[in-house]
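Below is one structure; the comments refer to it alone.
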There are 2 protein chains.
Amino acid sequence: MELQEGKDKFIQAWGTLGSHWGINRTMAQVHALLLISENPLSAEEIMETLKISRGNANMNIRALIDWGLVFKELKPGERKEFFVAEKEMWEVIRKIIIQRKKKELEPVIRVLNDISNVEQNSPEAQEFARVIEDINLFAQKADSTLEALVKSDQNWFVGTFLKNMMK
Amino acid sequence: MELQEGKDKFIQAWGTLGSHWGINRTMAQVHALLLISENPLSAEEIMETLKISRGNANMNIRALIDWGLVFKELKPGERKEFFVAEKEMWEVIRKIIIQRKKKELEPVIRVLNDISNVEQNSPEAQEFARVIEDINLFAQKADSTLEALVKSDQNWFVGTFLKNMMK
DNA sequence: CTGAATTTTCAGAACATTTTGAAAGTTGAA
DNA sequence: TTCAACTTTCAAAATGTTCTGAAAATTCAG
């Protein structure tokens with residue numbers, strides 16, 4: 001396979017992955033492009049490579065910077081901004097976990113806590129309370145698991161954690 | 001809080017969670033409704049409670065059955081079909097992991113394998129190969145971790161696994 | 001069989017998200 | 001300052017997704 005073909009396929013795949021993840025396609029494609037680019041790219045270059053508009057490029061680069069997946073890099077003597085991706089894969093994963101946890105898990109935990117104060121003792125209410133309690137248990141576990149992952153470093157993850165998992 | 005208010009909030013929250021998950025809002029709401037319902041509900045009842053159309057109800061119930069999150073239940077003497085949700089939360093989670101892994105992870109793994117045969121020895125190709133290799137490592141780990149989770153039972157998960165995690 | 005009850009399908013409508021591009025805003029070298 | 005280079009914003013357009021409702025298909029009691 002040609003290098004260029006490989007790169008294109010990767011950008012497509014990463015984009016699709018993103019879209020199954022609440023990350024928008026273009027944002028993921030920009031990320032992919034920067035990931036496999038040897039040197040920092042300007043907004044202009046990103047626009048041209050991915051064939052997207054200026055506004056679109058700007059928005060998504062901004063979002064990637066918010067997520068901590070991309071950094072701005074200024075070249076001395078150049079007015080333009082250049083961008084590089086975080087290339088340490090473990091960091092990339094941590095950053096993504098942080099965002100997804102915030103968006104997916106935390107709001108649910110808030111509602112569950114809120115809901116736990118349903119009064120009444122009807123059998124119906126009991127059943128409801130049971131389901132909520134059960135979900136709550138898993139939500140708490142998931143929360144602390146992810147929290148631990150986010151705080152851990154790669155060696156611990158790839159070494160200790162996965163060894164424990166697989167035994 | 002009133003029971004009904006709690007139920008409504010839960011259905012809303014579960015719907016929102018779903019939509020951050022590639023599960024569509026209505027599908028998640030139908031699931032929520034069935035989860036907290038004491039007895040099986042008919043399509044009719046689901047339509048009325050959630051104020052959705054017949055077609056919509058049908059589609060999403062079908063999808064939930066595909067995922068293994070909802071079961072059809074026939075009452076003797078009744079022509080109508082009734083539906084119940086899988087209420088064992090650990091099972092629910094397993095079923096969701098299975099689907100998400102299939103949709104999110106597996107296609108990427110396929111592309112990564114495909115892409116690994118990029119020829120060329122330019123420094124550019126080297127860099128590309130490095131990034132892909134790195135992602136591949138994590139993808140494999142994630143795959144086997146999820147595979148193990150799916151095969152494990154609840155006690156192992158809540159007991160052993162999480163204790164190891166937190167230590 | 002027949003036909004009423006029920007489920008399924010699907011084209012178009014409604015809604016939601018993403019993208020564009022032009023205009024407004026910002027920046028810094030001269 | 002000034003002004004060209006560059007970045008940001010945002011309303012409208014394009015695209016993508018979900019939902020509706022009526023029609024077609026299926027099912028089964030009589």
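We name chains A, B, ... by the order of the sequence lines, and we start the count at 1 in each one.
- At whole-Å resolution of the value, CD in B:E73 and P in C:dT7 are 14 Å apart.
- Residues B:T16 and B:H20 meet the side-chain proximity criterion, which asks for heavy atoms closer than 4.5 Å.
- Looking only at distances, a side-chain donor or acceptor of A:K87 sits under 3.5 Å from a matching main-chain atom of A:L35.
- If you take NE2 of B:H20 and C1' of C:dA16, they are 14 Å apart, rounded to a whole angstrom.
- Cation-pi geometry between A:K75 and A:F82 is met: the NZ or CZ atom falls under 6.0 Å from the ring centre, inside 45° of the normal.
- Put simply, CD on A:E81 is 13 Å from C1' on C:dG28, counting in whole angstrom units.
- Put simply, CZ on B:F82 is 13 Å from C1' on C:dA5, counting in whole angstrom units.
- Ring pair A:W90/B:F138 is parallel by interplanar angle, where below 30° counts as parallel and above 60° as perpendicular.
- Connection of B:V111 to A:M1 is established within a shared hydrophobic cluster, with ILVMFWY side chains joined at heavy-atom distances below 4.5 Å, either directly or through further cluster members.
- Here the CG-CG distance, from B:L146 to B:L105, works out to 6.5 Å after rounding to the nearest 0.5 Å.
- Scanning DNA chain D 5' to 3' for nucleotides with an atom closer than 4.0 angstrom to a non-hydrogen atom of chain A gives a first and last hit of D:dA5 to D:dT9.
- Contacts of B:N24 with the nucleic acid, taken as non-hydrogen atoms under 4.0 Å apart, involve only primed sugar atoms and P, OP1 or OP2.
- Note: CZ (A:R79) to C1' (C:dA29) measures 7 Å, nearest angstrom.
- The salt bridge (Lys or Arg N to Asp or Glu O under 4.0 Å) check on B:E73 picks up nothing, with sequence neighbours excluded.
- At least one side-chain heavy atom of A:N136 sits less than 4.5 Å from a side-chain heavy atom of A:N113.
- Annotation: proximity of residues 36-56 of chain A to DNA chain D (heavy atom, distance under 4.0 Å) is found for A:R54, A:G55, numbered in ascending order.
- Rounded to a whole Å, the CG atom of A:N60 is 9 Å from the C1' atom of C:dT19.
- Rounding to whole angstrom units, NZ of residue B:K75 and P of C:dT6 are separated by 13 Å.
- A:R25 CZ: 12 or fewer foreign heavy atoms inside a 6.0 Å radius.
- Nucleotide C:dT26 holds its P atom 14 Å from the CG atom of A:N58, rounded to whole Å.
- Considering only side-chain N and O atoms, A:T26 lies nowhere under 4.0 angstrom from the phosphate OP1 or OP2 of C:dT18.
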